[in-house]
Amino acid sequence: MSEPGDVAYFGGEFLPLDQARLPITTHAFNYGTGCFEGIRAYWNREQERLYVTRLREHALRILRSARILRLEPDPALTVERFSELVLELLARNGFEQDAYVRPIIYKAGHTIKVTLSGIPAELCMYAIPMGDYLDIHKGLRLATSSWRRIDDIAIPARAKPTGAYLNAALAADEARQQGCDEALMLTADGHVAEASSANLFAVIDGTLVTPPVSDDLLVGVTRDSVIAMARERGWPLEVRQLDRSEVLAADEAFLCGTGVQIAPVVEIDRRPLGDGHPGPITSELQGWYLRVVRGEVPDFAAWRSAVPTTAGATS
Ligand code: PMP
């Protein structure tokens, strides 16, 4: 069996990661003309199974992103085919731990021309072992970014374009330089959009509030999971425009995303949020979410795709 992360998908085949290399003339390297996904898989020790979280939704999103960005991948790359490839990549890597898959659809042509149509696109993927990349229990400190979230009329942020993550990197880096964990990003007209690479919810008077998809945010798969879980519990929920001052005065706030999972926010711009500790609704959602994705509870079974134990065979 190969070492975790040793197998990549590149040029239409599975091969050793160190052989997956691009020439510097590649269009996507020059202009950021690609889109990507981040997909998590959770290892259930008792069942000895690896479960991919919401694979179908990630497949739908990357294909939709490719359409928005005119990336034009092979039409044979359907939701089903993409999902099979992700499962096979994980199976071939033989992970027995939590892992993360990074698929990228990118313009693989070698023209210097700044355009999209007619340049061939390819899919590549790699996978890495990944536990919590931020401490999701102690609570995060956010800083409002001086960088505004990219407006949909500049770069369609909902398409998860590789190039647009310069905006996210500038914001996240600035927040870390200021001693905080993450950036709170506002839209060009000053409303709350999201964090640099996660969506945001506030809990205000017992109601979960999150900004609408038209406020320049990535339509997060985890955001959708949180909405479904809140509905299941019967908790009041509003999807509406949100001002920064409302978040400053909220009882609780949390970030959600594939990478960050569900992470409480305890401070914004050096002000404690609520009582400065992770709130009860956030903690309840976080615990439930982690049990769901790991397959420790039967709830939301459709969100979990089991990785086949024999490489090559997909179930
Ligand atoms: N917003 C941005 C900008 C992101 O990069 C991500 C991570 N993909 C998210 C939100 C969360 O999305 P998801 O829950 O689909 O991972």
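In each ligand, atom 1 is the first atom listed, and ligand 1 is the first ligand listed.
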Check Ala195 against ligand 1 and report side chain, backbone, both or neither, counting heavy atoms closer than 4.0 Å. neither
Thr53, Leu217, Val221: member with heavy atom nearest to atom 15 (O) of ligand 1: Val221
Can you list the ligand 1 atoms lying under 4.0 Å from a non-hydrogen atom of Gly257? 11 (C), 14 (O), 16 (O)
Between Asp74 and Arg81, does any NZ, NE, NH1 or NH2 come within less than 4.0 Å of an OD or OE carboxylate oxygen? no
One pair to check against side-chain contact (heavy atoms from CB on, under 4.5 Å): Arg61 and Leu218. What are the steps and the verdict? CA-CA 10 Å; Arg61 189 170 65 189; Leu218 181 76; 3.4 Å; yes
Quick one: does ligand 1 sit under 4.0 Å from the side chain of Arg61, the backbone, both or neither, non-hydrogen atoms only? side chain
Give a yes/no on ligand 1: does Ala198 have at least one heavy atom closer than 4.0 angstrom to it? yes
In plain terms, say whether Glu96 and Arg45 are close enough for a salt bridge, that is, a side-chain N and a carboxylate O under 4.0 Å apart. no
Any idea which part of Ser196 is under 4.0 Å from ligand 1, heavy-atom wise: side chain, backbone, both or neither? backbone
Do Glu174 and Ser145 get their side chains close enough for a donor-acceptor pair, meaning under 3.5 Å? yes
Around atom 12 (O) of ligand 1, find the nearest protein heavy atom and jot down its residue, atom name and distance. Gly220 CA, 3.5 Å
Verify whether one side chain among Tyr100 and Arg102 offers a donor that lies under 3.5 Å from an acceptor in the other. yes
Any heavy atom of Arg149 under 4.0 Å from ligand 1? The part involved is side chain
Is it the case that the ring center of Tyr42 lies less than 6.0 angstrom away from the ring center of Tyr51? no
Check: Arg223 N/O within less than 3.5 Å of ligand 1 N/O: no
